[in-house]
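Numbers here simply count residues along the sequence, with the first being 1.
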Amino acid sequence: MTAEFDPTAILSDELLERLRERAARHDRENTFPDDDLADLKQAGYLGILVPRELGGLGLGLAEASVLQQRLAGAAPATALAINMHLVWTGVAKVMADRGIDALRFVQEGAAAGEVFAFGISEAGNDLVLFGSGTDAAPLPDGGYAFTGTKIFTSLAPVWTQLGLHGLDTSSPDAPQMVYAFVPRSEVQADRVVVRDDWDTLGMRATQSRTTELHGALAPADRVVRRLAPGPNPDPLVFGIFSVFELLLASVYTGIARRALDLAVTAAGGRTSKRTGKAYSQDPDIRWRIAGMALAYDALPPQIESLSRDVDVLADHGPRWFSLLAGVKHRAVTAAKAIVDDAVLVAGGSSYFSRNELGRLYRDVLAGLFHPSDPESAHSTVATAWLGPLQE
């Protein structure tokens with residue numbers, strides 16, 4: 001990350017305060033933050049990872065991480081939703097940095113205001129990137145028709161392009177995992193059906209609805225990769241895994257920082273009836289906040305270091321996946337613990353759903369469900385250190 005980088009030039013304090021004020025309403029009403037998206041578009045946020053020569057802001061993953069931490073501290077669900085768009089622009093950058101220009105249309109589209117959604121998650125598919133229950137049927141013109149169901153499709157009301165994967169079992173070199181982009185259009189109205197089924201405990205404004213694909217068409221020039229199923233070192237797979245994990249870690253680190261700040265404010269604003277002193281002078285409260293700060297302080301440097309390594313093409317070899325899964329896991333589990341402690345410091349008022357800490361308490365739980373989940377992260381790290389399980 002460059003020393004002169006100033007995140008407030010893109011996400012000003014005034015903008016973040018507007019987003020923070022809206023977050024409670026969108027959570028309460030279970031609505032998508034169209035107003036937030038409009039403001040972020042105006043700030044050039046959709047193109048932060050797009051090169052300047054293509055109309056973007058030309059930032060690296062390390063800078064994008066800082067911005068996502070800052071955005072998540074104001075509006076966690078908005079940050080998580082935008083994360084999924086940034087994943088694809090980040091993957092485009094990772095591939096372009098390695099000499100592969102297959103996702104240039106993503107970069108140009110993002111700079112022009114297109115919104116890219118992430119259509120990888122499927123119910124019961126613990127293979128994630130390495131397998132799919134969605135059928136990818138090849139078409140004579142080189143395109144594909146996708147049939148299946150994707151879950152947790154963030155940005156559901158507004159996306160213009162859905163990046164997804166499916167399994168081609170019919171071509172001569174089958175089976176092949178197919179990665180492609182399906183445009184949203186009137187022509188696709190019966191082929192892409194978005195259910196209005198997002199009614200969750202937290203992260204409500206992401207509107208990550210279920211998407212049904214009924215022969216959804218991806219044109220030939222939007223088919224970006226055909227790969228053998230299973231673990232694969234292909235730059236597309238590495239790009240998705242690295243950007244997804246690092247930006248997720250950034251969102252939950254931003255939540256952790258906001259919870260810590262709220263706990264500090266609460267400790268200074270509450271007075272003990274027993275001692276007559278502010279809770280900030282209570283040794284137990286001070287110990288608890290110190291523990292929160294010790295956990296939080298470890299997160300940003302870890303994320304920055306790995307993000308910078310992706311930016312500069314560092315070679316961690318087979319350790320890459322365990323490092324990435326590990327930083328996401330640590331960020332999520334630390335953020336959850338920090339929010340838990342912040343609620344205790346703030347007291348009973350945080351139990352109300354209208355309280356910001358109450359909302360953070362619900363929002364932070366979503367981190368447990370994103371890949372890599374705790375079981376997957378531990379399996380990946382165990383394999384890195386102990387080798388694969390023997391059959």
Side-chain angles (χ1 to χ4, degrees), residues 11 16 18-41 45-46 64 67-90 110 114-123 149-164 184 192 194-212 240 243-256 258 328 331-332 335-336 339 353 356 358-371 373:
L11 292 177
L16 291 183
R18 290 202 303 274
L19 270 56
R20 179 174 289 118
E21 290 175 357
R22 296 169 185 159
R25 170 169 56 84
H26 289 300
D27 174 74
R28 182 176 63 253
E29 298 176 358
N30 194 30
T31 52
F32 183 80
D34 292 287
D35 34 15
D36 289 2
L37 179 61
D39 280 346
L40 292 171
K41 279 187 175 183
Y45 206 78
L46 297 187
L67 288 168
Q68 280 297 88
Q69 291 174 50
R70 186 168 165 79
L71 179 57
T78 296
L80 183 60
I82 294 297
N83 231 45
M84 302 311 164
H85 168 90
L86 295 179
V87 166
W88 283 125
T89 59
E114 284 211 69
V115 178
F116 291 85
F118 196 70
I120 300 295
S121 296
E122 300 168 344
T149 301
K150 302 293 184 176
I151 61 173
F152 297 118
T153 315
S154 300
L155 302 163
V158 297
W159 63 260
T160 60
Q161 298 268 351
L162 179 64
L164 77 172
R184 193 177 215 157
V192 180
V194 178
R195 300 179 193 164
D196 188 3
D197 61 353
W198 189 249
D199 186 10
T200 52
L201 184 66
M203 290 295 188
R204 289 161 66 80
T206 65
Q207 290 300 302
S208 305
R209 304 172 185 177
T210 301
T211 303
E212 301 174 11
I240 293 174
V243 180
F244 189 86
E245 298 291 79
L246 288 166
L247 291 185
L248 275 177
S250 303
V251 167
Y252 290 95
T253 296
I255 293 175
R258 179 60 178 170
K328 181 269 177 179
V332 166
K336 185 178 182 300
V339 174
S353 61
E356 185 177 0
R359 177 160 44 82
L360 295 183
Y361 187 85
R362 291 182 287 109
D363 284 348
V364 78
L365 292 176
L368 299 175
F369 302 103
H370 304 303
D373 62 23

What is the distance from atom [atom1] of [X] to atom [atom2] of [Y], rounded to the nearest 0.5 Å?
| X | Y | atom1 | atom2 | value |
| --- | --- | --- | --- | --- |
| Phe369 | Ile151 | CZ | CD1 | 11.0 Å |
| Asp35 | Leu40 | CG | CG | 10.0 Å |
| Arg28 | His26 | CZ | NE2 | 10.0 Å |
| Trp198 | Thr210 | CH2 | OG1 | 8.5 Å |
| Leu247 | Thr253 | CG | OG1 | 11.0 Å |
| Ser250 | Leu67 | OG | CG | 9.5 Å |

Closest heavy-atom pair and its distance - [X], [Y]:
| X | Y | value |
| --- | --- | --- |
| Arg359 | Ala23 | NH1-CB, 3.6 Å |
| Ala110 | Thr89 | CB-CG2, 3.7 Å |
| Asp34 | Val158 | OD1-CG1, 3.6 Å |
| Ser154 | Ala81 | CB-CA, 4.3 Å |
| Ala117 | Thr153 | CB-CG2, 4.4 Å |
| Arg362 | Leu201 | NH1-O, 2.8 Å |

Evaluate the criterion side-chain contact (heavy atoms from CB on, under 4.5 Å) for residue pair Gln68 and Leu246; output intermediate values, then yes/no.
-> CA-CA 10 Å; Gln68 280 297 88; Leu246 288 166; over 6 Å; no

Applying side chain to side chain contact (heavy atoms under 4.5 Å, CB included) between Tyr45 and each of Leu37, Leu11, Asp36, report the one that passes.
-> Leu11

Who pairs with Phe32 by ring pair (Phe, Tyr, Trp, His ring centres under 6.0 Å), at least two apart in sequence or on another chain?
-> none

Contacts of Phe244 meeting ring pair (Phe, Tyr, Trp, His ring centres under 6.0 Å) (sequence neighbours excluded), chain-then-number -> Phe118

With a 4.5 Å limit on heavy-atom distance, are the side chains of [X] and [Y] in contact?
| X | Y | value |
| --- | --- | --- |
| Leu164 | Glu122 | no |
| Leu248 | Val87 | no |
| Arg22 | Thr78 | no |
| Asp373 | Leu368 | no |
| Arg209 | Pro157 | yes |
| Arg184 | Gln161 | no |

Assess whether side-chain contact (heavy atoms from CB on, under 4.5 Å) is satisfied between Lys336 and Leu365, documenting all intermediate values.
-> CA-CA 7 Å; Lys336 185 178 182 300; Leu365 292 176; 3.5 Å; yes

Might you work through the side-chain contact (heavy atoms from CB on, under 4.5 Å) test for Tyr252 and His370, ending with a clear yes or no?
-> CA-CA 11 Å; Tyr252 290 95; His370 304 303; 2.8 Å; yes

Applying side-chain contact (heavy atoms from CB on, under 4.5 Å), run through Val243 and Leu86 and close with a yes or a no.
-> CA-CA 8 Å; Val243 180; Leu86 295 179; 5.9 Å; no

Test item: Arg204 side-chain N/O and Asp27 main-chain N/O as donor-acceptor pair under 3.5 Å = yes

Looking only at side chains, do Asn30 and Gln207 share a donor and an acceptor under 3.5 Å apart?
-> yes

Using a distance-only test with no angle check, is there a side-chain donor-acceptor pair under 3.5 angstrom linking Thr160 and Glu114?
-> yes

